[in-house]
Amino acid sequence: MALEVKVKSNVKNLQARYIKFAHKFPRIITMGLEQSGQFLKTAILHRTDRGQDVNRNTFTAYSSAYAEEKGKSRVDLQDSNDMLNSIDSRVAGRNKVQVYFRSGREATKAFWHQTGAGNLPVRKFFGYDKKLENVIQRNFATFVKKQIRRLGLWV
């Protein structure tokens with residue numbers, strides 16, 4: 001007596017799906033990094049516009065003479081707005097995104113504000129805290145999961 005078993009396999013289908021995933025995954029990671037960089041840039045701009053530093057504390061106030069001259073009391077680092085408009089982001093490596101200033105002149109202004117050079121008080125606006133880092137990481141993971149689901153590989 002003998003038994004015969006016929007097994008139908010979907011190996012070809014699995015191979016095709018794996019190849020599709022292997023080709024698209026690096027692009028998914030790059031897109032996620034680009035999105036994370038833009039999110040960080042936007043977060044820095046919004047926080048600065050609200051007058052908050054990296055640790056979400058209010059910026060050191062303007063001197064009374066300067067506030068009277070400019071006609072505003074809230075510090076938002078937006079005199080001509082060239083410095084903040086110069087902020088951009090780019091993918092700097094396989095697993096790294098960089099937020100930077102496109103203009104060297106504006107980067108120098110930002111450095112003065114960040115370190116308190118000259119007569120300026122320290123106003124650390126260019127950076128992020130642990131809370132924002134966690135939000136960016138969650139957004140990145142969610143984006144990658146959605147993209148993988150769109151490929152039909154996992155549910």
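Keep in mind that the numbers below use all heavy atoms, side chains included, and drop hydrogens, waters and symmetry copies. The model shown is predicted, which means the values in this text are computed figures rather than measured ones.
Hydrophobic cluster membership differs between I29 and V99, with clusters built from Ile, Leu, Val, Met, Phe, Trp and Tyr side chains linked at under 4.5 angstrom. Residues V97 and I87 are members of separate hydrophobic clusters, defined by side-chain heavy-atom contacts under 4.5 angstrom among Ile, Leu, Val, Met, Phe, Trp and Tyr. Taken together through direct or relayed side-chain contacts under 4.5 Å among Ile, Leu, Val, Met, Phe, Trp and Tyr, V91 and Y100 form parts of separate hydrophobic clusters.
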Could you go through residues 55-67 and list every donor-acceptor pair under 3.5 Å that involves a side-chain atom there, pairing it with any protein atom two or more places apart or in another chain?
from: R56; atom 1: NE; to: D129; atom 2: OD2; distance (Å): 3.1
from: R56; atom 1: NH2; to: D129; atom 2: OD1; distance (Å): 3.3
from: S63; atom 1: OG; to: Y66; atom 2: N; distance (Å): 3.2

In residues 140-148, what donor-acceptor pairs under 3.5 Å come from side-chain atoms, sequence neighbours left out?
from: T142; atom 1: OG1; to: R138; atom 2: O; distance (Å): 2.8
from: Q147; atom 1: OE1; to: R150; atom 2: NH1; distance (Å): 3.4

Could you tabulate the donor-acceptor pairs under 3.5 Å formed by side-chain atoms of residues 32-47, not counting sequence neighbours?
from: S36; atom 1: OG; to: G32; atom 2: O; distance (Å): 2.9
from: Q38; atom 1: NE2; to: S89; atom 2: OG; distance (Å): 3.0
from: T42; atom 1: OG1; to: Q38; atom 2: O; distance (Å): 2.8
from: R47; atom 1: NE; to: D53; atom 2: O; distance (Å): 3.2
from: R47; atom 1: NH2; to: F125; atom 2: O; distance (Å): 2.8
from: R47; atom 1: NH2; to: G127; atom 2: O; distance (Å): 3.0

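With sequence neighbours left out, K70 forms a side-chain hydrogen bond (donor to acceptor under 3.5 Å, both in side chains) with D79. Looking at residues two or more places apart in sequence or on another chain, you find a side-chain contact (heavy atoms from CB on, under 4.5 Å) between T115 and F111, A117. Qualifying side-chain hydrogen bond (donor to acceptor under 3.5 Å, both in side chains) partners for R74, counting only residues two or more places apart in sequence or in other chains: none.
Atoms CZ and NZ, on R90 and K96 in that order, are 10.0 Å from each other to the nearest 0.5 Å. Rounding to the nearest 0.5 angstrom, the gap separating the CE atom in M83 from the OG1 atom in T48 is 7.5 Å. Of the inter-residue distances, the one linking K109 atom NZ with S103 atom OG reads 8.0 Å to the nearest 0.5 angstrom.
Remark: side-chain polar atoms of R102 are paired, donor with acceptor, to backbone N or O of N85 under 3.5 angstrom. Of the possible donor and acceptor atoms, none in the side chain of E106 sits under 3.5 Å from a partner among the backbone N and O of F101.
By the neighbour-count criterion of 12 heavy atoms within 6.0 Å, atom CG of N119 is sparsely surrounded, having that number or fewer from other residues, nucleotides or ligands. No more than 12 heavy atoms of other residues, nucleotides or ligands shown are found within 6.0 angstrom of CD on E68.
The two residues A92 and Q98 come nearest to each other via the heavy atoms CB-CB, 3.9 Å.
Considering only heavy atoms from C-beta on, Y128 stays 4.5 Å or farther from V54 through its side chain.
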